[in-house]
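See structure below.
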Amino acid sequence: MQFTKKDILDMDSLTADEINLILDTAEHMKEVSQRPIKKVPTLRGKTVVLFFYEPSTRTRVSFDIAAKRLSADCHSISAGTSSIVKGETLVDTAKNLEAMNPDVIIIRHPSAGAPHMLAKKLKASVINAGDGMHAHPTQSLLDLMTVRERKGRIKGQRVAIIGDISHSRVARSNCIGFTKMGASVVLAGPPTMIPMAVETLGVSVTHNIDEAIYGADVIMVLRIQKERQKGFLFSTEREYSRVYGLTNERLKNAREDALIMHPGPINRGVEISSEVADGPYSIILEQVTNGVAVRMALLLLVAGGARNVDAD
C-alpha cells in the first residue's frame, strides 16, 4: 500500500489500513534507533520546521530527534520568539516560513483547527502536534503502536481511559484510533470531566473507576489539565486522588497483565500513584520511546522518502 496523505491532522482522516502502514513503518524506524549509529540518510536534503505555540517536552523533542535521525534539517521556533509577538498572524507566519521552502511544518497550537487551516493554505506537509482540545494524532499512533507491540494485536482489547476526558485531545484521538482498530473503549471520570454525547465516538462511559478498569487489558490515565479548565471541576486534588486516582489497590480489579499508560506529564499522587507509574506493568517510558519511531515514520511517509527506506 502506498501512503498518499499530504498531511497528518487527526485520527478521523486515517483509515485502518493507513494506520497499520504507519505502525509497520514505525517498527522499522524503531530498529534504526536501536543501532549504534542512529542515523539514516533517507530524508537528507529535506527541511522540517517545528512551530510550537504551547509548551512541550516529549512531542517537541521526539519530533526533533526523529527528523535528525532521518538526516533532515530541523529548525525549531516558538510563538514567543517569532514575529507573532509583533502582531503577525498565524497564516502570515506560516506563509513566510513556506517561502523558505520547508518540506514539513509541525505545529502545536491552542486553537482547535489551526493545523487544518494551514494545511489548506500551504504546499508543505502539515503534521498536527496537538490543537487545543481537539486532536493529537501522533500521540494516539504511538499509543496504538505500544499496545500492539506488547499485546500482539489491538483488536479485541478492552481499553479504559480515566481522568479529564473533556479537556484531553489525547482522549479524543485515542477513542477514535482504538475503536477504529477494533478495541473497545470505556471512559471514566467525574461527571464534570466527561463531555456530552461522547458515546457518539463508539465508546462507553462510567463515573466509577473500579467499573472501568474491571477486566481491562489497557488502562490509560490522563492528567488533570488545569490550564484548560475555566472553573473548579472537582473539590480538591486530594479528593480527586481518593475517588479517581489509580493505585495498586485499585489495580486488583484489572487483568493481571493489564498495561498502564499515561501520555505525560504525570502528576504523581493525583491521577496515579508512584508505585503504579513505576511498577512492573507501566509502559509509560515505552510510549516515549515509540513516540520517536512513530514520528520518524510520519516524516518519512509525508516527506516522500518511503521509496528510499531500504536504500541505505
Under a 4.5 Å cut-off applied to non-hydrogen side-chain atoms, are [X] and [Y] in contact?
X: L259; Y: M220; result: no
X: L246; Y: I213; result: yes
X: H28; Y: L300; result: no
X: K38; Y: R69; result: yes
X: L299; Y: L43; result: yes
X: I154; Y: L23; result: yes
X: H75; Y: D73; result: yes
X: I224; Y: M193; result: yes

Say whether, by atom type as modelled, one donor and one acceptor occur between the side chain of [X] and the main chain of [Y] under 3.5 angstrom.
X: D7; Y: V126; answer: yes
X: S62; Y: T59; answer: yes
X: K6; Y: A124; answer: yes
X: E271; Y: I266; answer: no
X: K180; Y: D12; answer: yes
X: N128; Y: L9; answer: yes

Count the heavy atoms belonging to other residues, nucleotides or ligands that lie under 6.0 Å from [atom1] of [X], then report whether that count exceeds 12.
X: M196; atom1: CE; result: no
X: F3; atom1: CZ; result: yes
X: E31; atom1: CD; result: yes

Which pair of heavy atoms, one from H207 and one from P190, lies closest together, and at what distance?
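For H207 versus P190, the nearest heavy atoms are ND1-C, 4.0 Å.
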Looking only at heavy atoms, what is the nearest atom pair of A293 and A26, with distance?
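Between these two residues, the closest heavy atoms are CB-O, 3.4 Å.
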How about [X] and [Y]: does a side-chain donor come under 3.5 Å of a side-chain acceptor?
X: D10; Y: S13; answer: yes
X: H136; Y: R108; answer: yes
X: R158; Y: S184; answer: no
X: D92; Y: T89; answer: yes
X: Q287; Y: T146; answer: no
X: E286; Y: N290; answer: no

Would you sort out whether L251 and I219 count as a side-chain contact (heavy atoms from CB on, under 4.5 Å), showing the intermediate values?
CA-CA 9 Å; L251 277 180; I219 303 171; 3.6 Å; yes
For F63, does the six-membered ring have the charged nitrogen or CZ of R295 within the cation-pi criterion, i.e. under 6.0 angstrom from the centroid and within 45° of the normal?
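Ring-cation test returns yes.
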Rounded to the nearest 0.5 Å, what separation is found between the CZ atom of F51 and the CD1 atom of I77?
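These two atoms lie 4.5 Å from each other.
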